[in-house]
Number of protein chains: 2
Amino acid sequence: MVTIKDVAKRAGVSVMTVSRVINGSKNVKESTREKVLKAIEELGYVPNSVARSLILKKTLTIGLVISDITNPFFTTIARGVEDTAISKHFTVILCNTDENPEKEMMYAEVLAKSKVDGVIYASASGKKTPLKSLFLKNIPIVLIDRTIEGVNDLDIVRGDSVLGAYLLTKHLIDLGHRRIGIIVGSHFISTARDRVEGYKKALNEANIPIDESLIKINKNSKFSKDDGYRLTKELLDLENPPTAIFGGNNLMAVGALLAIRERGLEIPDDISLVSFDDIESLSEVYPFLTVVKQPAYTMGVIATELLIRRIEDKDRIKEKREILLTPELIIRKSTAPPKRKI
Amino acid sequence: MVTIKDVAKRAGVSVMTVSRVINGSKNVKESTREKVLKAIEELGYVPNSVARSLILKKTLTIGLVISDITNPFFTTIARGVEDTAISKHFTVILCNTDENPEKEMMYAEVLAKSKVDGVIYASASGKKTPLKSLFLKNIPIVLIDRTIEGVNDLDIVRGDSVLGAYLLTKHLIDLGHRRIGIIVGSHFISTARDRVEGYKKALNEANIPIDESLIKINKNSKFSKDDGYRLTKELLDLENPPTAIFGGNNLMAVGALLAIRERGLEIPDDISLVSFDDIESLSEVYPFLTVVKQPAYTMGVIATELLIRRIEDKDRIKEKREILLTPELIIRKSTAPPKRKI
DNA sequence: CTGAAAGCGCTAACAC
DNA sequence: GTGTTAGCGCTTTCAG
């Protein structure tokens, strides 16, 4: 391995001068700079960021913890994060927890040990335990999408799930639905709770009594397609099944759709379906699902900007910032008035 | 920041003993170990991987360079890579080059400087220049999906694009099409060239003369939706337009679909459409597009396994390995016999 | 079983 | 403009 020493020797200067050239210091004679550059070129020297980080105590790296790399919602966030990070010369380490608290724990530790300068964090567990090692290292954290129980002092960027769920439910109610089923992921996750809250709010406002059997919020289920599929079947098996189903996120809605089709039911003729979060690659080609759409890319951008600001001047802004982004209702073809029971 | 020294002081032992405890060495008296563990706990000590990497000359990190994080094909690869890497205690740095050679260059340099232990690489430029800094550092590389001009000594895992394109084209020919347009990304990219090759092979076999005006392989265009859209319009504007269009990848096929619809044409009645690579989230809900599907997850897994094997015993296996995965033709609803010209 | 010394590749702080 | 010294947090000898 060729080090700064080798370059110095070859160029006939001290390592310090080489360091200056690498880091673009002004105080180097042009002829010296050229000598050094030539040596670097000849030797094929590449500076070692690890050594540099050890001294500087910064790695120019941020961790991005998301819960499902398969979900376009998170992928889009990742893109926003990455684009923004690059523009500020940061590299991002992507950590996919797969909605698995154990993986989440492991990744938090890896990031703490790796001495990333900061992390953007979508919790899979809803718990603060995994954050412990990050806190210990005093690593700046920006929460994204999901809040964490008992954590109130961290910046957070998220969509307004209560409002989004309210809009979706209200749309269904306006269409005439009164029995609306909702399926959401783990109740440990804030977005799951918020969406149920928005759902209830809309029902209450319309004086529709809340039927808990229509609310499928499972202890251990994830926000996955399979869960959506399974929970929808449970809903359809009810004695008095719903006339509309609210998918707690895009993946669950797809699962719901599959379950509904499997039963030979038509959407929206037999049953309506709405989804929290869009799937652009789907809707573009097949504009079918009525959804509430969150500005995922923007979320990634804002979270990264907040984080980097924290990294670069850790002390100045003390107060926590909460950015709430407004979702947008997009009405397509999966919703219609319920069949009138004659 | 609490370091190994602080722990040593607190536990009343030397740093070496702490190091032994951290790394699970056997040669530590049980009572000493407990003292050290207690000190670690009390101080909230987290080992510094940066310092460790500097000595060990390995980071337990691999870089994954992909060209489009928006494309489910690459996302699925990423998942395969990540799952495999984790299971071997490696962390992955995801680099999204966005099909942009400049970003590619930048990322290659970042990875070289970061001293990742290896990289999995889908080239955006098709050139070997960006790899230079990686080569200089002697970092093991496994190519994925795309070959690189003039690079013949690197392991590679890729799908058989020639075969896939051949199958897709043959399917169209079997249906009765004779004027088949093809749109692919930059001809600098091996998969673009291979797909055109497979296309030509099928035509030749059927004794259909090749009409270069039906082959849209642009110098600077990417494999993007917008390019698919634009190139399809060019195809439709031809004096004697094609009766079927071959989308060079999933994104281009979507662009093609949008362009076709915009012209008020019906698929497959007016024109057939096929795609290289599936979009699962789309096809699951709307099984419409006839595609050739590659085992993306498997590609990620295999590439990572190869890479880690290289990392862990750099010398033993000298010869390059090439893994060619077979794509699968999935016939759905976007293809039909051409309208007979009366 | 435990510790002291040396040093990984680099930069900060100060000389000259 | 350039070089010297010291040291980042850790592990590797090698003693004891």
Side-chain angles (χ1 to χ4, degrees), chain A residues 1-37 39-40 43-61 110 112-117 133 136-139, chain B residues 1-37 39-40 43-61 110 112-117 133 136-139:
Chain A
M1 144 163 300
V2 15
T3 74
I4 197 169
K5 262 188 187 160
D6 303 316
V7 177
K9 202 171 294 169
R10 175 124 188 175
V13 298
S14 74
V15 293
M16 206 42 230
T17 301
V18 178
S19 175
R20 288 194 181 96
V21 172
I22 295 167
N23 295 293
S25 161
K26 288 262 104 189
N27 303 329
V28 181
K29 215 201 303 173
E30 194 46 38
S31 62
T32 315
R33 177 188 312 282
E34 275 161 22
K35 265 195 308 192
V36 172
L37 256 16
I40 289 178
L43 259 25
Y45 168 69
V46 181
N48 183 334
S49 297
V50 174
R52 199 158 187 277
S53 298
L54 185 57
I55 304 173
L56 265 31
K57 293 178 185 326
K58 54 181 176 188
T59 51
L60 282 179
T61 295
V110 167
K113 286 201 257 191
S114 305
K115 292 194 59 57
V116 293
D117 294 336
S133 45
L136 286 173
K137 280 269 178 185
N138 245 307
I139 296 175
Chain B
M1 140 162 302
V2 14
T3 73
I4 197 170
K5 262 188 189 163
D6 303 316
V7 177
K9 203 172 294 167
R10 175 122 186 174
V13 298
S14 74
V15 292
M16 207 39 233
T17 302
V18 178
S19 175
R20 287 195 182 95
V21 171
I22 295 168
N23 295 294
S25 160
K26 289 260 104 190
N27 303 331
V28 182
K29 215 199 307 174
E30 194 46 39
S31 62
T32 316
R33 178 188 311 282
E34 273 160 23
K35 266 195 307 192
V36 172
L37 256 17
I40 289 178
L43 259 25
Y45 168 68
V46 180
N48 184 333
S49 299
V50 174
R52 199 156 187 278
S53 299
L54 184 57
I55 304 173
L56 266 29
K57 294 180 184 327
K58 55 182 172 187
T59 51
L60 281 180
T61 296
V110 167
K113 286 200 255 191
S114 305
K115 293 195 60 54
V116 293
D117 294 336
S133 44
L136 287 172
K137 281 270 177 186
N138 245 306
I139 296 175

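The chains referred to below are lettered A, B, ... by the order of the sequence lines, with proteins before strands, and numbering in each begins at 1. Predicted, not measured: the structure shown is a model, and the values here were computed from it.
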Chemist: From C/dC10, D/dT4, C/dC1, pick the nucleotide closest to the side chain of A/Met16?
Modeler: D/dT4
Chemist: In terms of side-chain heavy atoms of A/Val28, which of C/dT2, D/dT2, C/dC10 is nearest?
Modeler: D/dT2
Chemist: Would one find a side-chain N or O of B/Ser19 under 4.0 angstrom from OP1 or OP2 of D/dT11?
Modeler: yes
Chemist: Looking at A/Arg33 and D/dG1, is any side-chain donor or acceptor paired with a base atom of the opposite kind under 3.5 Å?
Modeler: no
Chemist: Rounded to the nearest 0.5 Å, what separation is found between the CG atom of B/Leu56 and the OG atom of B/Ser49?
Modeler: 10.0 Å
Chemist: Nearest-Å distance, NZ (B/Lys35) to C1' (C/dG3)?
Modeler: 13 Å
Chemist: For B/Glu34 and C/dT2, what is the distance between atoms CD and P respectively, to the nearest whole Å?
Modeler: 12 Å
Chemist: Can you figure out which of C/dA12, C/dC14, C/dC1 approaches the side chain of A/Arg20 most closely?
Modeler: C/dC14
Chemist: Output yes when a side-chain donor or acceptor of B/Lys137 lies under 3.5 Å from a complementary backbone atom of A/Val46, and no otherwise.
Modeler: yes
Chemist: Under 4.0 Å from OP1 or OP2 of D/dC8: is there any side-chain N or O of B/Asn48 that close?
Modeler: no
Chemist: Closest-nucleotide mapping onto DNA chain C: is B/Ile55 or B/Lys26 further toward the 5' terminus? I mean the 5' end.
Modeler: B/Lys26
Chemist: Would you say that A/Val21 contacts A/Thr32 through its side chain, given a criterion of any heavy-atom pair below 4.5 Å between the two side chains?
Modeler: no
Chemist: Between C1' on C/dT11 and CG on A/Leu54, what's the gap in Å once rounded to a whole number?
Modeler: 11 Å
Chemist: Out of C/dT2, D/dT11, C/dT11, which nucleotide sits closest to the side chain of A/Val15?
Modeler: C/dT11
Chemist: When the distance from NZ of B/Lys58 to P of C/dC8 is rounded to whole Å, what number comes out?
Modeler: 18 Å
Chemist: Heavy atoms only, 4.0 Å cut-off, all strands: where does B/Thr32 land among base, sugar-phosphate and nothing?
Modeler: sugar-phosphate
Chemist: Whole angstrom is fine here: how far is it from CG in B/Asn27 over to C1' in D/dG16?
Modeler: 15 Å
Chemist: With respect to B/Tyr45, which candidate in B/Val36, B/Ile22, B/Asp6 satisfies the side-chain contact (heavy atoms from CB on, under 4.5 Å) definition?
Modeler: B/Ile22
Chemist: Any side-chain N or O of B/Asn23 less than 4.0 Å from the OP1 or OP2 oxygen of D/dT11?
Modeler: yes
Chemist: At 4.0 Å (heavy atoms only), tell me whether B/Val13 reaches a base, stays on the sugar-phosphate, or touches nothing.
Modeler: sugar-phosphate
Chemist: According to a strict under-4.0 Å criterion, is A/Arg52 in side-chain N/O contact with OP1 or OP2 of C/dC10?
Modeler: no
Chemist: Hey, are the side chains of B/Thr59 and B/Ser114 touching, using non-hydrogen atoms and a 4.5 Å cut-off?
Modeler: no
Chemist: Should A/Thr3 be listed as having a side-chain N or O under 4.0 Å from OP1 or OP2 of C/dG9?
Modeler: no
Chemist: Please determine, for the side chain of A/Ser14, which listed nucleotide (C/dT11, D/dT11, D/dG3) has the closest atom?
Modeler: D/dG3
Chemist: Please determine if a side-chain N or O atom of B/Lys57 lies less than 4.0 Å away from the OP1 or OP2 oxygen of C/dG9.
Modeler: yes
Chemist: Using a cut-off of strictly less than 4.0 Å, decide whether A/Thr17 has a side-chain nitrogen or oxygen near OP1 or OP2 of D/dG3.
Modeler: yes
